[in-house]
Amino acid sequence: MYQNPLKKTIEYLKGTGPERAKLLQSEFGIFRYEDLLQHFPFRYVDKSKFYKISEISSTDAEIQLKGQIVQIEEVNQGKVKRLKGKFQDGSGTLELVWFKVSPWQKDKLKTDLFKEVVIYGKPSVFNGNYSITHPEIELVEDAKNIPLGLFPVYPSTEKLTKRGVTNRVMQKMMMNLFAENIPIVENLPENVLQHYKLISRADALKAVHFPKDLNELNAAVRRLKFEEFFFLNLANLSQKAVNKQKNRSNSFPIIGHYFNTFYNEHLPFELTNAQKRVIKEIRSDLKQPAQMNRLLQGDVGSGKTMVALLSMLIAVDNGFQAALIAPTEILAQQHYDSIKELVNDLDISVELLTGSITKKNRKPILENLENGNLKIIIGTHALLEDNVIFNNLGLSVIDEQHRFGVAQRAKFWRKAKLPPHILVMTATPIPRTLSMTMYGDLDVSVIDELPKGRKPIKTIHKTDAHRLSVFKFMKDEIDKGRQVYVVYPLIEESAKLELKDLMDGYESISRAFPLPNYAISIVHGRQKPADKEFEMTRFKNNETQILVATTVIEVGVNVPNASVMIIENSERFGLSQLHQLRGRVGRGAEQSYCILMTGGKLSDVSKRRVQTMCETNDGFKVAEVDLELRGPGDMMGTQQSGVLNFKIADLAKDKEILYAARKCVEMILSQDETLSHPINLATKQFFLENHKDKVGWSKIS
Ligand code: ADP
Ligand code: MG
């Protein structure tokens with residue numbers, strides 16, 4: 001029977017053996033030849049020439065030399081032992097130093113004494129003498145098989161190095177693998193290679209491990225990145241196609257009385273172009289008898305509620321009920337208030353259901369929901385309880401998606417005969433590259449435009465040394481009738497420190513803004529809910545002019561009169577958090593400001609964050625930088641980071657390749673949905689063998 005040689009386990013590879021194979025398995029999950037092939041170098045070093053000891057003039061670069069080790073001795077320096085060696089090449093003598101050596105390494109060094117070796121490392125200088133610490137060493141005899149050129153440096157672990165699996169050993173294993181001349185089958189269609197000018201898989205894998213030069217390396221890396229994105233997109237997009245067929249839902253073909261009356265007579269403002277586009281996208285989904293699974297991304301204040309309402313009106317026009325679920329009571333209440341007001345003249349029933357609605361008030365709501373008189377319900381998790389029974393739920397809108405688990409969303413399914421359409425709204429913009437990857441099997445709509453006439457928030461960086469001028473600025477704004485937030489970071493490791501920072505800040509602000517002219521609210525995580533509520537309400541009602549708080553205010557506070565956001569110790573916040581906090585201001589007609597306070601000295605990363613905030617108000621741009629600084633795994637939480645573990649591609653850097661691969665897969669599937677055309681067969685085969693498990697992992701409903 002034919003067996004793909006790349007499926008062989010690596011213990012059978014020359015120079016590996018069961019012990020190393022086991023190590024590579026446990027450290028890197030490398031089981032088979034194909035896994036080893038995809039253990040890519042993370043950098044390359046230039047070994048295109050041999051230096052002479054007499055030529056060494058700098059300690060900047062790693063170099064390679066050829067000669068002999070003529071002496072190895074153990075020396076005691078104080079309490080520590082180290083191993084020293086003498087290396088000669090006819091032009092001079094160089095000291096080699098090891099702080100830590102395994103018995104295995106020591107033996108090897110001794111047996112190789114006086115043999116011709118190549119050593120490799122970065123020189124350091126002490127008292128005018130050069131030395132190399134922990135050099136790589138290779139017998140010339142072994143090294144002669146290795147072509148001169150760019151050399152791969154592989155990711156490694158302490159355990160691997162300790163047990164003798166050095167970078168040289170990894171290189172040799174790779175060479176042995178290629179020496180077997182295993183056929184590497186192409187897995188992308190021929191026409192794709194041509195169109196995107198990609199080199200073959202076999203050439204790319206060879207060149208990524210042993211590139212002749214930079215050009216060859218770049219071509220290899222580009223090909224492999226494209227391939228990685230290609231199969232990820234193939235998994236996502238074919239899952240999407242499967243969902244469309246499998247998940248039947250009610251089609252809403254009618255745009256009727258409610259939508260039209262509202263749109264033509266009660267719309268309080270003209271929709272932005274982005275809102276119009278998104279509504280169109282949703283309408284075309286809802287026309288289909290397949291379940292909509294759409295993610296709606298839009299920055300704070302971009303007008304997602306209006307999109308939600310219009311979608312719900314379509315459901316109602318088609319005789320169905322709609323639900324809007326929010327993560328907190330405050331948010332549910334806000335949605336309820338604004339939607340209730342919007343549809344006031346429309347003769348449509350809207351109710352609010354949260355944990356704090358009394359039993360007495362709850363009863364008629366539940367009854368009307370069940371008998372179908374109630375058309376639109378807005379609420380919190382309370383909507384998911386078992387006693388909440390819909391007559392015919394047709395659409396669920398979920399606000400702030402990341403706070404709901406998959407299991408909770410699934411509950412909506414069981415509340416209707418056919419699964420309802422799902423619209424998930426999130427105000428945490430994530431870069432398009434990331435949403436394409438994370439939610440690649442969903443449809444994504446983006447509102448990338450704020451309503452006209454908003455004044456962009458001015459963001460300013462100030463150090464603690466400017467505190468007095470900041471106080472002065474606060475005073476001026478308050479004198480104009482505005483209100484001010486002052487936010488302190490939440491320090492989880494040190495609750496005490498956090499409270500102290502906050503209380504110190506509160507005191508100094510209280511001194512600068514004394515009663516009776518000024519009043520200050522304070523809100524933090526260790527307050528009783530009732531106290532928190534009381535303080536928030538005073539601020540909301542403009543009875544206090546300053547709200548001093550920890551990050552509890554991040555979500556759900558809407559005080560349009562507040563025009564200044566001061567973020568203390570802002571270097572301790574992540575970018576997306578800074579952006580979310582900034583979104584608390586700029587909600588009214590007034591010019592708003594965000595002031596980022598920092599200590600004097602900033603790390604490069606903090607500098608970049610502060611700079612980004614000062615430069616742009618665009619949440620998507622902020623998210624791009626955040627992705628670059630933190631990496632995708634950190635950004636999305638570790639929970640789903642598995643799928644974000646790219647072997648070679650990098651979401652922050654390889655945007656263009658991702659988009660190209662996505663487009664390419666869309667093209668192929670639109671012409672040959674089942675990949676049955678001969679030109680696509682090898683691709684299908686590879687996909688079924690290697691990527692099948694990825695299908696279906698990110699389903700939201
Ligand atoms: P978010 O996307 O953060 O949920 P909202 O839906 O709460 O934003 O809208 C923010 C504010 O902008 C609301 O007061 C809303 O009435 C207003 N708004 C929404 N769309 C428009 C528009 N097209 N023109 C003017 N104002 C709008
Ligand atoms: Mg909102």
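Start at 1 and go down the list; that is how both ligands and their atoms are numbered.
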Query - E571, H461, K607 screened by side chain to side chain donor-acceptor pair (under 3.5 Å) with T598, the one that passes - result: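 Passing option: H461.
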Starting from [atom], locate the nearest protein heavy atom and write down its residue, its atom name and how far away it is, to 0.1 Å.
{"atom": "atom 6 (O) of ligand 1", "result": "T305 OG1, 2.7 Å"}
{"atom": "atom 26 (N) of ligand 1", "result": "F269 CD2, 3.5 Å"}
{"atom": "atom 20 (N) of ligand 1", "result": "Q275 NE2, 3.0 Å"}

Requested in this report: Drop me the distance from L324's CG to L383's CG, to the nearest 0.5 angstrom.
Outcome: 8.5 Å
Query - Rounded distance [0.5 Å steps], NE2 in H381 versus OG1 in T354 - result: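 H381 NE2 to T354 OG1: 12.5 Å, rounded to 0.5 Å.
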Which of the numbered atoms in ligand 1 are under 4.0 angstrom from any heavy atom belonging to [X]?
{"X": "V300", "answer": "3 (O)"}
{"X": "T272", "answer": "23 (N)"}
{"X": "L271", "answer": "23 (N)"}

Query raised in the report: Between I447 and ligand 1, which part of the residue brings a heavy atom under 4.0 Å of the ligand: side chain, backbone, both or neither?
Result: neither
Query raised in the report: If we only count N/O pairs under 3.5 Å, is G301 in contact with ligand 1?
Result: yes
**Report entry** Contact check: G303 vs ligand 1, nitrogen or oxygen atoms, below 3.5 angstrom
**Finding:**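 Yes - when backbone and side-chain N and O of G303 are compared with those of ligand 1, one distance drops under 3.5 Å.
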Query raised in the report: Nearest heavy atom to atom 11 (C) of ligand 1: which of K304, R454, Q297, E449 does it belong to?
Result: R454
Report task. With K287 as the cation and F252 as the aromatic partner, state whether NZ or CZ is under 6.0 Å from the six-membered ring centre and within 45° of the axis. Result -> no
Query raised in the report: Looking only at side chains, do D399 and H335 share a donor and an acceptor under 3.5 Å apart?
Result: yes
Query - Side chain to side chain, R609 and V605, heavy atoms closer than 4.5 Å - result: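 In contact.
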List the atom pairs, donor and acceptor, that lie under 3.5 Å between side-chain atoms in residues 616-623 and the rest of the protein, sequence neighbours left out.
unit_1, atom_1, unit_2, atom_2, d
T616, OG1, D618, N, 2.9
N617, ND2, I457, O, 2.9
D618, OD1, F620, N, 2.8
D618, OD1, K621, N, 3.4

